[in-house]
Amino acid sequence: MKAMFAKTVSAKSIGESERQTMYGLMQQYYECMAWDRFNKDLDDKDDVILLMDKETGTIKGFSTLKNIEIKIGKSKAFGVFSGDTVVDRAFWGQRVLGKAFLRYLFLQKARRPFTPFYWILISKGYKTYLLLANNFSEHYPRYEQETPRDAQSLMDRFANSLFGDAYNGDTGLIHFKESLGQLREGIADVPTGTSFQNPRIAYFAKQNPTWADGSELMCIARMTWSMPLYYVCKSWWKLMARPFLKRAALKSKNLPEIAG
């Protein structure tokens, strides 16, 4: 399997050649891309997680990051917004980006230990939504419960600050006047059949029915001091459970059919 490593750099340090490579990756997986718009968006970000091929040292993925602070009465809330994110298909399934992003969140949290801290995500694909829903115990919106009023207020404030009139607070969706990039057909289509029984995928499809047209679902997740431990424990459990799940799957395949 091809391997990669992550490094986090300032968005201002990204040169022309690196930008060309990043833009090329975006064009492979997204439609309606524009070079000038891509550069303007990158210039508006604070940092970038670059995913590098260990053998060649070339960029095989990235995620742009913007730090934002809002006022809530006399208090403040801080958030990290994930912008353009893409990974070369040859490197899908690796946890490098997730670990690098969690490390970035933890460092930002450490700089503001007493300020409520959130990951801000907009999702036009169910796989992106699952990154948040599967890995953060406190996230919204979610199928398990209605979004609490205070969490909804936070989402609205962050969204209005970032996207202005493009955000619809009633639906939780962001519709831009022109598409800023939408997934190419077949990249992350919402599955049908048995896969659709996943309640989180079904919920995403219900909340963002126009995802294929580039509409984005506004989401937030709370970053706490226990979050890294939660992530590590979850990863450990998956690793330990894998052989048992494989054996169970093999046994089920060998069970005789029962005539009805």
Side-chain angles (χ1 to χ4, degrees), residues 30 63-73 75-85 97-98 101-102 104-105 108-109 115-176 179-183 187-192 194-224 226-227 230-231 234:
Y30 291 87
S63 183
T64 64
L65 306 166
K66 181 179 178 66
N67 300 316
I68 179 173
E69 189 174 78
I70 60 171
K71 289 186 178 181
I72 308 173
S75 302
K76 296 179 180 179
F78 183 81
V80 171
F81 167 59
S82 290
D84 288 339
T85 301
L97 176 58
F101 180 64
L102 185 60
Y104 183 87
L105 289 182
Q108 294 299 323
K109 173 68 175 175
T115 303
F117 184 74
Y118 298 88
W119 176 25
I120 306 164
L121 176 73
I122 59 175
S123 175
K124 54 175 160 267
Y126 80 92
K127 291 183 178 180
T128 306
Y129 175 74
L130 289 180
L131 286 175
L132 175 135
N134 288 342
N135 294 298
F136 285 77
S137 58
E138 184 179 345
H139 67 274
Y140 301 100
R142 58 192 300 158
Y143 81 92
E144 297 96 334
Q145 69 176 98
E146 185 176 347
T147 302
R149 183 177 299 178
D150 58 344
Q152 186 62 57
S153 178
L154 271 172
M155 291 171 63
D156 292 342
R157 286 175 177 267
F158 277 127
N160 287 325
S161 178
L162 288 165
F163 312 111
D165 294 340
Y167 172 67
N168 184 329
D170 293 331
T171 64
L173 296 178
I174 301 156
H175 296 277
F176 298 105
S179 175
L180 303 186
Q182 57 208 50
L183 288 165
I187 297 298
D189 294 352
V190 172
T192 57
T194 56
S195 296
F196 196 72
Q197 293 176 7
N198 182 315
R200 286 174 174 157
I201 297 177
Y203 179 77
F204 170 81
K206 179 182 178 181
Q207 295 299 113
N208 189 3
T210 52
W211 64 270
D213 298 324
S215 62
E216 304 268 11
L217 179 64
M218 177 66 186
C219 310
I220 61 170
R222 183 155 189 167
M223 175 66 184
T224 63
S226 61
M227 173 57 204
Y230 172 82
Y231 183 84
K234 186 173 181 179

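Every value quoted in this text rests on a predicted model; they were computed, and no experiment measured them. Nothing fancy with the numbering, it's 1 onward along the sequence.
Residues Ser215 and Asn208 have side chains that bring a donor and an acceptor to within less than 3.5 angstrom of each other.
Listed by chain and number, the residues in a ring pair (Phe, Tyr, Trp, His ring centres under 6.0 Å) with Phe117 are Phe78 (sequence neighbours excluded). Scored by the ring pair (Phe, Tyr, Trp, His ring centres under 6.0 Å) test, Phe101 finds Trp119 as partners (sequence neighbours excluded). For Thr147, there are no side-chain hydrogen bond (donor to acceptor under 3.5 Å, both in side chains) partners at least two apart in sequence or on another chain. A search for salt bridge (charged side-chain N to carboxylate O under 4.0 Å, His left out) contacts involving Lys109 returns nothing, not counting sequence neighbours. Thr85 is linked by a side-chain hydrogen bond (donor to acceptor under 3.5 Å, both in side chains) to Ser63, counting only residues two or more places apart in sequence or in another chain. Glu146 is linked by a salt bridge (charged side-chain N to carboxylate O under 4.0 Å, His left out) to nothing, counting only residues two or more places apart in sequence or in another chain. Evaluation of the side-chain hydrogen bond (donor to acceptor under 3.5 Å, both in side chains) rule for Tyr140 yields no partner, not counting sequence neighbours. Take Phe163 and apply the ring pair (Phe, Tyr, Trp, His ring centres under 6.0 Å) test, not counting sequence neighbours, and it matches Phe81. For Gln207, there are no side-chain hydrogen bond (donor to acceptor under 3.5 Å, both in side chains) partners at least two apart in sequence or on another chain. Evaluation of the salt bridge (charged side-chain N to carboxylate O under 4.0 Å, His left out) rule for Glu69 yields Lys76 as partners, not counting sequence neighbours.
In this structure, the side chains of Ile70 and Leu154 come closer than 4.5 Å at one or more pairs of heavy atoms.
The list of side chain to side chain donor-acceptor pair (under 3.5 Å) pairs with a residue in residues 157-175, not counting sequence neighbours, reads Asp156-Tyr167.
Considering all non-hydrogen atoms of both residues, Arg222 and Phe136 come closest at O-CD2, 3.7 Å.
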